[in-house]
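Here is the structure we will look at.
Residue numbers run from 1 in the order of the sequence given. Both counts, for ligands and for their atoms, begin at 1 and track the order of listing. All values reported here derive from a predicted model rather than from experimental measurement.
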Amino acid sequence: MSKWIATSNQGFSPYGMEELRKIFSPISFKQLIPGEVYQFEVPQENDQVIAMLSEAEKIFIRHVQPIDRMIDITGDAVVDGQALADMVSYIESSVAGKRVAVHIRFSHSHDLTASKLELKQAIEEALLQAEAEPVKQEPDLIIALFAHEQEMLIGFGTVEEMGSDWPGGAIRFQREEGQVSRAKFKLLEAEKVFGLDYSNYSAAIDVGAAPGGWTSLLLERGLKVTAIDPAALDERIVYHPKLTHLRMNASNVKLPKGSFDLLVCDMSWSPNEMSKLVLSLAPAIKPYSYAIITVKLMHKKGLQSIKDVKQRLSSSFTILGAKQLFHNREEITLFLQKKG
Ligand SMILES: C[S@@+](CC[C@H](N)C(=O)[O-])C[C@H]1O[C@@H](n2cnc3c(N)ncnc32)[C@H](O)[C@@H]1O
């Protein structure tokens, strides 16, 4: 038997739970943060759960952490000092010489009086005592703590096992001075989650490009960009020498065959129409080129529309990934590769 905490984007926990029900039976749930964070219990032990999760499709499960240990929150101290020492001694043998990240999250109702910072400092001190190296990024091991009511739920695992090296999978990017749009974060997150490096490509099509957040990122990475959108692009990028703006509806665009090596599309439009447009533009990208596409979730028929879109796009593309990214709202992101 093992217990876990799973996290989805706010409002999407029913979808995450549905995905878990397809993997595990029996399974029981308990809400920790309504709509977002939920505990689940299954008969399998940790290793088996990790193996089963790694093989399953997890579009709406953003992050998981095991509950390996629970500590009572006493309320008056940082946490019970002895309990904290016990926790570190419990893992001490496995942390020496390792890079260890501490991820702390609180539910909306918990009895902890310490701040996240105080707690983190206390644990990092204990880690140093145990000859581990506290780090933020690229850890060998994550210690994840979730304070809920009178309990601290604690789990240990790797980035691969938890699905992210950010607490709860809530990846943050620095907002830059003069950033064209917040949409840029979605393309940045897709790059990280799907293991891409946009600077490896030379010419991109951006369908539904305005005001130009995605286009600006691709230009920054050195790509030539053909941006398609009847709406205007931000004046900070519109005169960029590597940009061509086709100011028209994408359904009227004709592009030379095989002349691009990346296609991105963030049209925020009906998935049906979006699929048609992407398929009509597919001949313009070379075989085996990648595409990053957002799919709007229409009228609560989310799962069905994802299925339909995948089915349609699979005539020209292999579906490599499907994920609701932290920066996606009522949508998910698909990672595709054009067939040969
Ligand atoms: C969510 S915005 C895109 C934001 C953009 N990714 C960014 O980073 O700034 C959606 C855009 O799709 C465009 N769009 C919708 N339908 C389109 C179509 N048929 N052809 C071209 N553009 C379209 C809209 O004009 C709108 O500017």
Side-chain angles (χ1 to χ4, degrees), residues 9 171-194 196 198-199 201 203-240 242-256 260 262-285 290-299 302 305-306 308-309 312-313 316 322-336:
N9 281 6
I171 183 168
R172 308 278 175 188
F173 298 106
Q174 197 88 38
R175 202 181 159 88
E176 301 150 13
E177 194 75 25
Q179 187 171 311
V180 172
S181 76
R182 276 188 65 79
K184 181 178 180 180
F185 291 148
K186 288 194 283 192
L187 197 60
L188 268 172
E189 188 178 352
E191 183 178 39
K192 193 168 153 55
V193 168
F194 299 125
L196 292 167
Y198 299 135
S199 59
Y201 309 102
I205 309 171
D206 184 356
V207 191
W214 286 28
T215 287
S216 72
L217 174 62
L218 297 173
L219 290 169
E220 279 164 31
R221 296 294 163 87
L223 282 83
K224 279 197 287 192
V225 180
T226 296
I228 308 170
D229 202 308
L233 290 176
D234 190 284
E235 58 183 22
R236 283 164 291 188
I237 56 168
V238 80
Y239 300 111
H240 196 289
K242 287 191 156 185
L243 172 69
T244 306
H245 182 191
L246 304 177
R247 204 164 171 180
M248 56 175 90
N249 190 308
S251 54
N252 300 325
V253 168
K254 296 266 173 297
L255 293 169
F260 298 86
L262 183 70
L263 185 150
V264 298
C265 173
D266 181 32
M267 271 184 5
S268 188
W269 208 25
S270 112
N272 206 348
E273 300 300 323
M274 180 280 288
S275 313
K276 270 194 219 153
L277 276 182
V278 167
L279 287 172
S280 75
L281 291 168
I285 61 170
Y290 292 124
I292 303 276
I293 289 165
T294 54
V295 181
K296 203 170 152 89
L297 300 170
M298 307 288 282
H299 320 299
S305 57
I306 294 169
D308 293 347
V309 167
R312 255 189 214 111
L313 291 174
S316 297
K323 194 91 202 150
Q324 186 170 50
L325 304 175
F326 176 63
H327 289 95
N328 283 142
R329 293 290 167 249
E330 300 289 316
E331 62 187 8
I332 67 154
T333 300
L334 291 182
F335 175 38
L336 314 172

Residue pairs passing the salt bridge (Lys or Arg N to Asp or Glu O under 4.0 Å) test with at least one member in residues 270-283, sequence neighbours excluded, are Glu273-Lys276
CZ of Phe194 to CG of Leu325, rounded to nearest 0.5 Å, is 5.5 Å
So CD1 of Ile228 and CG of Asn252: to nearest 0.5 Å the spacing works out to 10.5 Å
Parallel, tilted or perpendicular: rings of His327 and Phe185 (30°, 60°):
tilted
Could you tell me whether a side-chain N or O of Asp206 sits under 3.5 Å from a main-chain N or O of Val225, the two making a donor and an acceptor? no
Protein neighbours of ligand 1 with a heavy atom under 4.0 Å, given by chain and number, are Ser181, Ala183, Gly208, Ala209, Ala210, Pro211, Gly212, Gly213, Trp214, Ile228, Asp229, Pro230, Met248, Asn249, Ala250, Asp266, Met267, Ser268, Trp269, Leu277
Q. Side chains of Asn272 and Ser270: donor-acceptor distance under 3.5 Å anywhere?
A. no
